[in-house]
Every structure is written in structure tokens, then in C-alpha cells.
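All values derive from a computational prediction rather than experimental measurement. Sequential numbering from 1 along the given sequence is applied to the chain's residues.
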Amino acid sequence: LSDADWDQIRDHVGLLEKVSFVPSLLPVIMKHRDALQLSDEQTAAFRKWRKKNYKPMIGLMNEIIERRIALSRAALDPMVDSSQLIEMQQTILQRQDELLRVRLSCREILVGTFSPEQWVNLAFILEDYPNFAGLLQQ
């Protein structure tokens, strides 16, 4: 993918970011792969992860959003009882757990392969992104 494609992916993921507590750094990492001096193996691993997990991850995020909206509406519906609301919330939490597992699989590539220099470079790059600024303390 081109840098513009990675920007578009980052923007789309940013719209869904509020349904997960682990930041989506892959689009930023891939856009700045030269500055991060990613090895061919690292680049291939991130691309492989994206090919396998991107669509399922976005699907989970969309499902979580839809279920949150449905839960909010159901909470004000007098025909819905508390046990149904609890069941709806439990389903949302299960989907959030699935999403976290997917995102952590990307994190494993990051933490398992980045050199100290790459971490420093990533911290510097993230300062240009308001959503990520300050995440990595040097």
C-alpha cells in the first residue's frame, strides 16, 4: 500500500478507535517504515498481519458500535427487561475481548521485533499525531 493508502486506513480506523483501548499504530508504522528503518522481515510481518486481521478487526469494531447503539436504545425501551440489557452488555464485552486479542496480536509483532532505536524513532514520530502524542515516554 502507498503512504496515501495507509493514511486512509489510519483515518478510517481513527473513526472506530473509541471502541478499543489499544491504539492502532500499524498505519502510522507502515507510513513511516523508512524512518523507523523497518527490516524486510518486520515489514512482511506487519503486512501479513494486516492481510489476515484488518477486515475482521473493522468488522468487530463496527459490530461493537452497532451493539452499543442498540443497548442505549433498549435501555430506554420499557418492553426490555434488565436481564436482556445485561445480556446485551455481556455480548458487547465479549466482542471487545475478541477485538483486544486481534489488536494484541499486532502488538506482539511490534514489541517482539522493535529495537531500542526503533522505539525512540516511533516516539518521535508519534508526537506528530495528536491521538498518540505522549503515549511513549522517553
I'd like to know if the side chain of Gln89 and the backbone of Ile86 have a donor-acceptor N/O pair within less than 3.5 Å.
no
Can you find a pair of side-chain heavy atoms, one from Phe124 and one from Leu36, that are under 4.5 Å apart?
no
Any side-chain heavy atom of His32 within less than 4.5 Å of one from Leu122?
no
So, are Glu98 and Arg101 salt-bridged, with charged N and O less than 4.0 Å apart?
no
Could you grab the distance from atom CE of Met57 to atom CG of Asn62, nearest 0.5 Å is fine?
10.5 Å
Inter-residue atom distance Ile64.CD1 - Leu99.CG, 0.5 Å rounding
5.0 Å
Please walk me through it: do Glu117 and Gln37 pass side chain to side chain contact (heavy atoms under 4.5 Å, CB included)?
CA-CA 9 Å; Glu117 182 181 347; Gln37 300 175 346; 3.4 Å; yes
Tell me every residue that passes side-chain contact (heavy atoms from CB on, under 4.5 Å) with Glu108, counting only those two or more places apart in sequence or in another chain.
none
dist Leu26:CG -> Phe46:CZ (nearest 0.5 Å) comes out at 6.5 Å
Single-linkage hydrophobic cluster Val111~Ile125, side-chain heavy atoms < 4.5 angstrom:
yes
Straight-line distance of Leu60 CG to Gln94 CD, nearest 0.5 Å:
12.0 Å
Of all the heavy-atom pairs spanning Ser105 and Asn53, show the shortest one and how long it is.
OG-ND2, 4.2 Å
Between the CD1 atom in Ile109 and the CG atom in Leu104, the distance rounded to the nearest 0.5 Å is 11.5 Å
Nearest 0.5 Å, please: how far is OH in Tyr129 from CG in Leu25?
10.5 Å
Step-by-step side chain to side chain contact (heavy atoms under 4.5 Å, CB included) determination, Gln42 to Phe114:
CA-CA 9 Å; Gln42 287 173 309; Phe114 263 40; 3.6 Å; yes
List the atom pairs, donor and acceptor, that lie under 3.5 Å between side-chain atoms in residues 77-85 and the rest of the protein, sequence neighbours left out.
residue, atom, partner, partner atom, Å
Asp77, OD1, Met79, N, 2.8
Asp81, OD1, Ser83, N, 3.1
Asp81, OD1, Ser83, OG, 2.7
Asp81, OD1, Gln84, N, 2.9
Gln84, OE1, Asp81, N, 2.8

Verdict with supporting geometry, Trp49 and Val102, side chain to side chain contact (heavy atoms under 4.5 Å, CB included):
CA-CA 10 Å; Trp49 182 92; Val102 170; 3.9 Å; yes
State, to 0.1 Å, how close Asn121 and Ala35 come at their nearest heavy-atom pair, and which atoms those are.
ND2-O, 3.4 Å
Between Arg68 and Gln96, is a side chain to side chain contact (heavy atoms under 4.5 Å, CB included) present by the stated rule, with each step listed?
CA-CA 11 Å; Arg68 283 182 175 180; Gln96 285 178 317; 2.6 Å; yes
